[in-house]
Amino acid sequence: MNQRLVQIALVVEDYDAAIEFYTRKLHFDLIEDTKMSETKRWVVVKPKGSGNCSLLLAKGADDEQRSRIGNQTGGRVFLFLHTDDFERDYQNLLTNDIKIVRGPSKELYGTVAVFEDLYGNLWDLIEPANV
């Protein structure tokens, strides 16, 4: 059996604001932006590098979905972004005024900091110890 996780849906308020945040501030690549209807687009972004997992930016379509924007995991860290250069990417967060929730720390598994995306979802920026 060969399985892999390739995409995670992230509920957003606005497609264009989300695209701008992920591509201009986090430097992700815009993989696809296809209009599906008057209100729905298929928008996929992906971190640079060889990883295969991407984010599907899904605009909240009703009150229930919109209520989850920024808190899809009940306040826990939601997404984990590995890097080969923690200092470079941490400095990028600071330069782009991205909110740091917990500053850098050295852990057994690597160097980590917690930041918020534009909607308040929590992310770990991690340089694994084995890099």
Side-chain angles (χ1 to χ4, degrees):
M1 180 181 288
N2 182 15
Q3 298 177 330
R4 60 191 170 108
L5 188 63
V6 296
Q7 206 162 66
I8 298 169
L10 179 66
V11 183
V12 301
E13 186 176 323
D14 178 80
Y15 290 117
D16 294 321
I19 290 169
E20 178 158 337
F21 178 84
Y22 286 103
T23 62
R24 295 198 181 201
K25 292 193 175 195
L26 292 184
H27 305 292
F28 284 21
D29 290 325
L30 178 61
I31 304 302
E32 184 174 354
D33 184 358
T34 302
K35 185 177 180 177
M36 306 294 284
S37 72
E38 289 303 314
T39 58
K40 184 177 180 179
R41 289 158 56 185
W42 188 263
V43 178
V44 178
V45 296
K46 178 181 155 321
K48 295 190 182 300
S50 61
N52 291 321
C53 193
S54 60
L55 293 177
L56 172 67
L57 303 178
K59 186 174 179 181
D62 57 29
D63 289 341
E64 179 71 18
Q65 290 177 16
R66 286 188 291 275
S67 76
R68 301 301 193 262
I69 295 171
N71 191 17
Q72 290 185 212
T73 59
R76 294 188 57 110
V77 170
F78 177 39
L79 298 161
F80 300 81
L81 181 62
H82 280 202
T83 179
D84 62 348
D85 187 337
F86 182 88
E87 289 303 320
R88 175 198 63 216
D89 292 337
Y90 184 74
Q91 186 58 49
N92 179 66
L93 298 175
L94 296 175
T95 299
N96 282 290
D97 296 320
I98 295 172
K99 183 177 178 182
I100 305 300
V101 175
R102 190 168 50 249
S105 65
K106 299 267 186 195
E107 305 296 338
L108 290 175
Y109 55 85
T111 304
V112 62
V114 180
F115 69 94
E116 283 186 1
D117 69 14
L118 75 163
Y119 296 114
N121 294 299
L122 298 179
W123 289 66
D124 270 1
L125 174 66
I126 302 171
E127 182 176 342
N130 60 354
V131 170

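Worth knowing before you read on, the calculation uses all heavy atoms, side chains too, and leaves out hydrogens, waters and symmetry mates.
- Counting all heavy atoms, side chain and backbone alike, E32 lies closest to T34 at OE2-OG1, 2.8 Å.
- When every heavy atom of G70 is checked against every heavy atom of N121, the shortest pair comes out as C-OD1, 3.2 Å.
- Between W123 and F28, the angle of the ring planes goes over 60°, which puts this pair in the perpendicular group of the 30/60° scheme.
- Summarising the geometry of D84 relative to R88, their closest heavy-atom pair is OD1-NH2, 2.9 Å, with the distance given to 0.1 Å.
- For the pair L108 and A129, the tightest heavy-atom approach, listed with the atom from each and the gap, is O-CB, 3.7 Å.
- A continuous path of ILVMFWY side-chain contacts below 4.5 Å connects F86 to I98, so both sit in one hydrophobic cluster.
- Here N71 pairs with nothing under the side chain to side chain donor-acceptor pair (under 3.5 Å) rule; sequence neighbours left out.
- Here CD1 of I19 is found 4.0 Å from CG of D33. Values are rounded to the nearest 0.5 Å.
- The shortest side-chain heavy-atom distance between L79 and Q72 does not fall under the 4.5 Å cut-off.
- R41 CZ to M36 CE: the interatomic distance, rounded to the nearest 0.5 Å, is 12.0 Å.
- Residues forming a side chain to side chain donor-acceptor pair (under 3.5 Å) with D89 (at least two apart in sequence, or on another chain): T83.
- No donor-acceptor distance shorter than 3.5 angstrom exists from the side chain of N92 to the backbone of L26, with no hydrogens or angles considered.
- F21 is linked by a ring-ring contact (aromatic ring centres under 6.0 Å, His included) to nothing, counting only residues two or more places apart in sequence or in another chain.
- Atom CG of L30 is separated from atom OG of S54 by 11.0 Å, given to the nearest 0.5 angstrom.
- Hydrophobic clustering of Ile, Leu, Val, Met, Phe, Trp and Tyr side chains at less than 4.5 Å, counting indirect connections, keeps I8 apart from V44.
- Separating the CD1 atom in I69 from the NZ atom in K59 is a distance of 9.0 Å, to the nearest 0.5 Å.
- Here the side chain of Y22 pairs no donor or acceptor atom with the backbone of V45 at under 3.5 angstrom.
- Under the 4.5 Å side-chain heavy-atom criterion for grouping Ile, Leu, Val, Met, Phe, Trp and Tyr, Y15 is connected to V11 within one hydrophobic cluster.
- Taking 4.5 Å as the limit, some side-chain heavy atom of L10 sits within range of a side-chain heavy atom of D117.
- Distance check: E116 CD to L122 CG gives 5.5 Å after rounding to the nearest 0.5 Å.
- Hydrophobic clustering of Ile, Leu, Val, Met, Phe, Trp and Tyr side chains at less than 4.5 Å, counting indirect connections, keeps L125 apart from V101.
- Taking all atoms of both residues into account, the shortest heavy-atom contact from E64 to R68 is OE2-NH2, 2.8 Å.
- Within a 6.0 Å radius of CZ in R66, other residues, nucleotides and ligands contribute more than 12 heavy atoms.
- Atom CG of D14 sits about 5.5 Å away from atom OH of Y119, to the nearest 0.5 Å.
- A donor-acceptor pair is defined here as one N or O able to donate and one able to accept, closer than 3.5 Å; such a pair exists between the side chain of K46 and the backbone of G51.
- Between D124 and F115, the closest heavy-atom pair is C-CE2, 4.5 Å.
- Summarising the local packing, CZ of R76 is surrounded by 12 or fewer heavy atoms from other residues, nucleotides or ligands at distances under 6.0 Å.
- Note on F80: it clusters hydrophobically with V114, by side-chain heavy-atom contacts below 4.5 Å among ILVMFWY residues.
- For E13, the CD atom counts as loosely surrounded, since its 6.0 Å shell holds 12 or fewer non-hydrogen atoms of other residues, nucleotides or ligands.
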